[in-house]
Amino acid sequence: MLSLDHVSIVVTDLDRSTRFYEEMFGLERVPRPAFSIPGTWLACGPLQIHLVLNAEGTFRTRPGIDNGDVHFAFRTDDFDGVLARLTGRGFDEHAPADAANHLYVLRNGRAGFPQLYLLDPDRNIIEINGAPRRA
């Protein structure tokens, strides 16, 4: 049987991205081996988010949020609280679609639970959803 262990995210500025994930989502650093590639590991429940420094990277070039593009998702029991936290830190669902602080919010989408999408500082797409906890 397989289970998900971590999600690895390419970043161009490790300090900036580490602060982003700590401040926006309350993730905390966990010990990381001294690999030859700089990075930060962050705890996310029983799983981890691995930030990996790669100045060349493989980044999206299109502006704006495309929820049909590669992304990862956080699940929360407090969707409104997360939305308030993000808007309190400058994200805005009314910002222009190509703005770095744009939130794409689906309160009553086809998924059957609320979802929102935002971009991190390197334009990685992040989904946050209020899906029911899976058994």
Side-chain angles (χ1 to χ4, degrees):
M1 181 176 123
L2 295 176
S3 63
L4 188 64
D5 179 72
H6 70 272
V7 174
S8 181
I9 302 167
V10 174
V11 302
T12 57
D13 182 324
L14 189 58
D15 291 334
R16 176 188 68 186
S17 293
T18 299
R19 280 191 312 276
F20 176 86
Y21 283 90
E22 289 173 331
E23 292 173 7
M24 293 298 151
F25 308 114
L27 302 183
E28 296 181 7
R29 295 178 202 208
V30 294
R32 179 182 185 271
F35 295 120
S36 61
I37 300 169
T40 301
W41 286 3
L42 301 161
C44 183
L47 308 178
Q48 294 179 353
I49 302 293
H50 292 183
L51 304 179
V52 179
L53 182 63
N54 183 338
E56 300 301 314
T58 54
F59 299 106
R60 301 175 61 251
T61 57
R62 289 183 290 164
I65 297 167
D66 178 356
N67 61 328
D69 202 341
V70 175
H71 66 277
F72 69 94
F74 292 119
R75 193 203 68 77
T76 180
D77 292 328
D78 185 13
F79 185 84
D80 291 330
V82 171
L83 180 57
R85 180 182 184 128
L86 292 169
T87 57
R89 287 175 166 77
F91 283 89
D92 183 353
E93 65 185 296
H94 303 294
D98 61 350
N101 69 326
H102 178 69
L103 282 177
Y104 176 48
V105 182
L106 299 165
R107 288 178 177 79
N108 299 301
R110 291 184 181 202
F113 47 81
Q115 299 165 279
L116 67 82
Y117 296 83
L118 68 148
L119 298 174
D120 78 2
D122 286 298
R123 306 188 56 72
N124 293 300
I125 300 170
I126 303 165
E127 174 187 345
I128 300 173
N129 67 57
R133 189 169 298 279
R134 295 185 177 117

Distance from [X] atom [atom1] to [Y] atom [atom2], nearest 0.5 Å?
{"X": "Thr12", "Y": "Leu53", "atom1": "OG1", "atom2": "CG", "value": "7.5 Å"}
{"X": "Ile49", "Y": "Ile9", "atom1": "CD1", "atom2": "CD1", "value": "5.0 Å"}
{"X": "Asp80", "Y": "Arg107", "atom1": "CG", "atom2": "CZ", "value": "8.0 Å"}
{"X": "Arg85", "Y": "Glu23", "atom1": "CZ", "atom2": "CD", "value": "8.5 Å"}
{"X": "Tyr21", "Y": "Arg29", "atom1": "OH", "atom2": "CZ", "value": "14.0 Å"}
{"X": "Leu119", "Y": "Phe91", "atom1": "CG", "atom2": "CZ", "value": "7.5 Å"}

Starting from [Y], can I reach [X] by hopping between I/L/V/M/F/W/Y residues whose side chains sit under 4.5 Å apart?
{"X": "Val11", "Y": "Ile126", "result": "yes"}
{"X": "Val7", "Y": "Val52", "result": "no"}
{"X": "Leu118", "Y": "Phe72", "result": "yes"}

Has [X] got a side-chain atom pairing as donor or acceptor with [Y]'s backbone, closer than 3.5 angstrom?
{"X": "Asn124", "Y": "Val10", "result": "yes"}
{"X": "Ser17", "Y": "Leu14", "result": "no"}
{"X": "Arg32", "Y": "Leu42", "result": "no"}

Can you see which heavy atom on [X] is nearest to which on [Y], and at what distance?
{"X": "Pro38", "Y": "Ser36", "value": "CD-O, 3.7 Å"}
{"X": "Ala43", "Y": "Leu27", "value": "O-CD2, 3.3 Å"}
{"X": "Arg16", "Y": "Asp13", "value": "N-OD1, 2.9 Å"}
{"X": "Phe79", "Y": "Gly130", "value": "CD1-N, 4.0 Å"}

* **Neighbour count above 12 (heavy atom, 6.0 Å) for Asp78 CG** => yes
* **More than 12 heavy atoms of other groups within 6.0 Å of Glu22 CD** =>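 Yes, the 6.0 Å shell around CD holds more than 12 heavy atoms from other groups.
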* Asked: Do the side chains of Trp41 and Pro33 get nearer than 4.5 Å, heavy atoms only?
  -> yes
* Below 4.5 Å, heavy atoms only, C-beta onward: do Thr18 and Leu51 meet side chain to side chain? -> yes
* To do: For side chain to side chain contact (heavy atoms under 4.5 Å, CB included), just list the numbers for Asp98 and His102, CA-CA rounded to whole Å, side-chain angles, deciding distance to a tenth of an Å, and then say yes or no.
  => CA-CA 7 Å; Asp98 61 350; His102 178 69; over 6 Å; no
* For the residue pair Phe25 and Phe74, does the interplanar ring angle fall in the parallel (under 30°), tilted (30 to 60°) or perpendicular (over 60°) class? ->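 Phe25 vs Phe74 ring planes: tilted.
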